[in-house]
*Asks:* 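Below is the structure I would like to discuss, written out as structure tokens.
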2 protein chains.
Amino acid sequence: MAGVPELMVLRLLKDREMYGYEIVQAIRGQTREVVQLSEGVVYPVLHGLEKDGALKSQRREVGGRSRVYYSLTARGLRRLFDLTDSWTELTGAIQAVLKGASHARTI
Amino acid sequence: MAGVPELMVLRLLKDREMYGYEIVQAIRGQTREVVQLSEGVVYPVLHGLEKDGALKSQRREVGGRSRVYYSLTARGLRRLFDLTDSWTELTGAIQAVLKGASHARTI
DNA sequence: GAATCATACCTAGGATAACAAGGTATCATA
DNA sequence: TATGATACCTTGTTATCCTAGGTATGATTC
């Protein structure tokens with residue numbers, strides 16, 4: 001039932017490379033504050049994904065700021081697809097229960 | 001991000017009273033095996049909800065089997081509404097990110 | 001020029017939900 | 001008679017997530 005932070009991070013990085021702090025703000029903004037993943041959640045996720053070869057990072061200096069930019073690897077893209085599928089299947093299944101038992105068996 | 005088992009249990013009990021083992025099977029069936037909550041998950045949830053006054057239980061003998069039937073209280077119904085709202089809001093927010101950044105700010 | 005806020009990185013530690021794995025007992029079936 | 005299905009339960013572990021803290025720079029405000 002877990003893995004949502006990882007899924008969101010991967011999805012954001014699919015469009016363009018981003019740095020950690022930026023990702024935290026983007027999630028806040030795009031969900032209208034509904035999802036507020038702290039840095040304490042996002043950074044470990046980024047480190048874990050990079051360790052697994054799903055991301056690659058590059059430190060860059062921008063306006064006197066040191067940023068670590070992350071981008072998706074092929075493996076990361078694959079992982080994004082897998083997680084998205086799982087998520088869709090899971091929420092669909094839960095939704096079926098929430099709507100009511102009538103849709104139970106089409107067999 | 002947690003509380004899905006609780007939500008599903010409450011939703012099933014909204015329609016009719018059920019016993020624990022039955023709930024485990026119902027979740028398996030209605031989600032077509034996608035969600036397979038074990039008894040080790042469902043029973044503690046039932047006990048917790050009853051302790052909080054969201055459920056009331058009644059032990060009954062049926063065909064030589066001892067079953068504990070649970071039904072929703074007013075408080076449990078309230079809790080179901082709240083959890084459903086949270087779940088809808090959360091999945092909607094995540095979906096917005098998964099679909100892409102274009103829907104970010106309508107302001 | 002001092003203090004505060006925003007930016008930008010990081011980690012250690014704790015809470016807790018979810019699960020696996022076990023245990024008991026009865027009834028039906030093979 | 002042995003296995004599987006029914007029906008209840010708890011203990012202990014794990015993984016995830018979050019809180020809370022720490023550092024440092026630049027911008028803004030007072």
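By convention in this document, chain letters (A, B, ...) are assigned in the order of the sequence lines, proteins followed by strands, and residues within each chain are numbered from 1.
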*Asks:* Does any part of the side chain of B:T91, heavy atoms only, come nearer than 4.5 Å to the side chain of A:W87, both counted from C-beta?
*Replies:* yes
*Asks:* How close or far is atom C1' of D:dC18 from atom CE of A:M8, stated in whole angstroms?
*Replies:* 16 Å
*Asks:* If I take atom CD in residue B:Q36 and atom P in nucleotide C:dC19, what distance separates them, rounded to the nearest angstrom?
*Replies:* 10 Å
*Asks:* Taking side chain as C-beta onward, heavy atoms only, is A:L12 less than 4.5 Å from B:V97?
*Replies:* yes
*Asks:* Hey, are B:R79 and B:E6 close enough for a salt bridge, meaning a charged N less than 4.0 Å from a carboxylate O?
*Replies:* yes
*Asks:* From CG of A:D52 over to P of D:dT16, roughly how many Å is that when rounded to an integer?
*Replies:* 11 Å
*Asks:* One character per nucleotide, please: for nucleotides 4-9 of chain D, 5' to 3', B when the base has a protein heavy atom closer than 4.0 Å, S when only the sugar-phosphate does, - otherwise.
*Replies:* -BBBBB
*Asks:* Check the distance between C:dC9's P and A:E50's CD and give it to me in whole angstrom.
*Replies:* 13 Å
*Asks:* Please state how far atom CZ in A:R28 lies from atom P in C:dA8, giving the value in whole angstrom units.
*Replies:* 14 Å
*Asks:* Among A:L80, A:L72, A:L37, A:L49, exactly one meets side-chain contact (heavy atoms from CB on, under 4.5 Å) together with A:V9. Which residue is that?
*Replies:* A:L49
*Asks:* Is there any side chain to side chain donor-acceptor pair (under 3.5 Å) pair reaching into residues 38-51 of chain A, and which pairs are they, with sequence neighbours excluded?
*Replies:* A:E50-A:S57
*Asks:* Rounding to a whole Å, what distance do you find between A:Q58:CD and C:dC9:C1'?
*Replies:* 17 Å
*Asks:* More 5' along DNA chain D: A:G63 or A:L37, using each one's nearest nucleotide?
*Replies:* A:L37
*Asks:* Measuring from B:Q25:CD to B:Q30:CD, what's the distance to the nearest 0.5 Å?
*Replies:* 12.0 Å
*Asks:* Could you state the atom-to-atom distance from CD of A:E61 to P of D:dT25 in whole Å?
*Replies:* 11 Å
